[in-house]
Amino acid sequence: MSIVLGDNQYGKAETRVVRIDRDAEAHRVTDLNVSVALSGDMTDTHLTGANDKVLPTDTQKNTVYVFARDGVGEIEEFGLRLARHFVDSQPTVGRARVRIEQYPWTRLELEGAPAHHSFARSGEGTRTAVVTYDGRQAWVVSGITDLVVLNSTGSEFWGFLKDRYTTLQETRDRILATAVNATWRHEGAEDTDWGKSYATARRALLDAFAETYSLSLQQTLYAMGERVLRTCPEIVEVRLSLPNKHHFLVDLAPFGLDNPNEVFHAADRPYGLIEGSVLRDDAPPAGMAW
Ligand SMILES: O=c1[nH]c(=O)c2[nH]c(=O)[nH]c2[nH]1
C-alpha cells in the first residue's frame, strides 16, 4: 500500500475589504468578503515542508487590498482580475478560485434627498460571485444569498404521500417563506454587463416568487430558475437552495379564541430544505464552474 496526496487547495479566506469611492456628488461603499483558493504544484510543501512553490496566504490577502486600491467595479470583474493574476504570475499555481460576497449598503435619505455619505446595511440579500481560472479558461458563477421573502397567501400543500408517521395536515392556504440562496452560471466570462445581469436575475427571482401560485416550494423553485433563464440569455444554469421557513398556525382554542389564519409561530428549526438546478438543454459543460 502507498499513500498519496489527493486534491488540495489553499488560500486566504474571508479577507474583509471595504472600498470608499469618494465621488464629489456622492460617496459609494463597496463592502466585500473575499476568499482566495489556489491549487497547483503543491506536493512538496505537503510532503517535505519545502515552501518554494507556495505563495503565502498573507500575500494573497495583500493582493486583494492592493487590487482594491485600483477600484473594485463589479465583483465578477474583481474576481477575474485576481484569479488571472495569481495563475498568470506564478508558474506553480495552476488554478485560482476567488469567492466574493458583497454586503449591501443602502444610501440614507436626508430631508427627502439622497445622503452624500451616509448608509444603512440593508437586508436585500448578499450578492456573490465565484470566479475560477485555470490559465486557459475562466468560469463565472454569480448569485445571491439570504434574500428573505414571504407570500402571505397563494400557497397550498396537499396530495403528498402519507404513511404511518405522517401527521402533517393538508393545507389550501399557507404562508410560504424562504431565504433564497441562488447561484447562476454564465455562458462565458467575457463581455457581460455583470451589474445589469445581476439586477435582472435578482428581479426575475423575486417576480417569479411573487407571481407563482404555489402548490409546493419545489414548484416555486423551478419557476424561479426558469424565470431567470428566460430573462437572462447569458445565464445557462441556476442552482437554488430554499429553506422552507415554516409558519405554524397557533392554536388559540385554549383561550376561547379562533385563529382564522392570522397568528403564526415562525419556527426556525428544523426546516425543509428544497434544492435543485434548472438549466438550459443547450448549456455548455459546467467544467470547473461550481
Ligand atoms: O412545499 C413543500 N414541499 C415539501 O416537500 C414539504 N414537506 C413538508 O412537510 N412541507 C412541505 N412543503
Side-chain angles (χ1 to χ4, degrees), residues 101 104 122-128 130 141-185 198-232 235-255 257-281 283 286 289-290:
E101 297 175 331
S122 57
E124 58 190 36
T126 299
R127 180 174 168 181
T128 63
V130 180
V141 172
S142 304
I144 190 165
T145 60
D146 294 329
L147 178 63
V148 181
V149 289
L150 179 150
N151 286 328
S152 55
T153 190
S155 169
E156 307 183 9
F157 190 63
W158 49 271
F160 43 80
L161 288 172
K162 290 161 196 98
D163 68 8
R164 64 188 186 282
Y165 303 122
T166 304
T167 57
L168 186 71
Q169 297 296 303
E170 300 197 330
T171 174
R172 306 275 169 167
D173 188 4
R174 67 172 182 174
I175 289 176
L176 186 68
T178 187
V180 178
N181 298 302
T183 50
W184 48 90
R185 174 161 68 93
Y198 172 76
T200 309
R202 183 179 181 281
R203 185 75 261 152
L205 290 168
L206 291 174
D207 287 351
F209 178 79
E211 291 169 12
T212 301
Y213 188 95
S214 177
L215 299 177
S216 66
L217 186 50
Q218 289 88 330
Q219 183 196 20
T220 297
L221 177 149
Y222 184 80
M224 293 169 79
E226 183 182 27
R227 185 77 68 102
V228 172
L229 294 175
R230 293 206 186 282
T231 321
C232 306
I235 294 171
V236 296
E237 180 176 359
V238 183
R239 293 187 176 181
L240 288 144
S241 176
L242 302 179
N244 192 354
K245 295 171 95 52
H246 302 300
H247 288 68
F248 297 115
L249 199 66
V250 177
D251 179 11
L252 298 177
F255 315 105
L257 297 170
D258 65 354
N259 187 357
N261 227 2
E262 289 182 350
V263 179
F264 297 85
H265 166 59
D268 71 336
R269 273 169 281 190
Y271 51 89
L273 186 59
I274 311 300
E275 301 184 289
S277 159
V278 185
L279 64 166
R280 279 181 9 198
D281 63 2
W290 303 104

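Positions are given from 1 along the sequence. Keep in mind the model is a prediction, meaning the values are calculated, not measured. Counting starts at 1 for both ligands and their atoms, in listed order.
In this structure the side chain of Asp146 reaches within 4.5 angstrom of the side chain of Asn181, judged on heavy atoms. By the 4.5 Å heavy-atom criterion applied to side chains, Leu240 and Tyr222 are not counted as neighbours. Within the 4.5 Å cutoff, the side chain of Leu217 has no heavy atoms near those of the Phe157 side chain.
Close contacts of ligand 1 with Asn244, meaning ligand atoms under 4.0 Å from a residue heavy atom, involve 2 (C), 11 (C), 12 (N). In the vicinity of Ser216, heavy-atom distances shorter than 4.0 Å reach the ligand 1 atoms 1 (O). Atoms of ligand 1 lying under 4.0 Å from at least one heavy atom of Leu217, given by number and element, are 1 (O), 2 (C). Those atoms of ligand 1 with a heavy atom of Arg174 less than 4.0 angstrom away are 1 (O), 2 (C), 11 (C), 12 (N).
The side chain of Leu168, and not its backbone, has at least one atom closer than 4.0 Å to an atom of ligand 1 (non-hydrogen atoms only; side chain from C-beta on).
Distance from atom 5 (O) of ligand 1 to its nearest protein heavy atom, with residue and atom name: Gln218 NE2, 2.9 Å. Among all protein heavy atoms, the one lying closest to atom 8 (C) of ligand 1 is Phe157 CE2, 3.7 Å.
Seen from the ring of Trp184, Arg239 does not count as a face-on cation partner, given the 6.0 Å and 45° thresholds.
More than 12 heavy-atom neighbours from other residues, nucleotides or ligands sit within 6.0 angstrom of CZ on Arg280.
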**Request:** Show your reasoning for whether side chain to side chain contact (heavy atoms under 4.5 Å, CB included) applies to Val130 and Trp290.
**Result:** CA-CA 8 Å; Val130 180; Trp290 303 104; over 6 Å; no

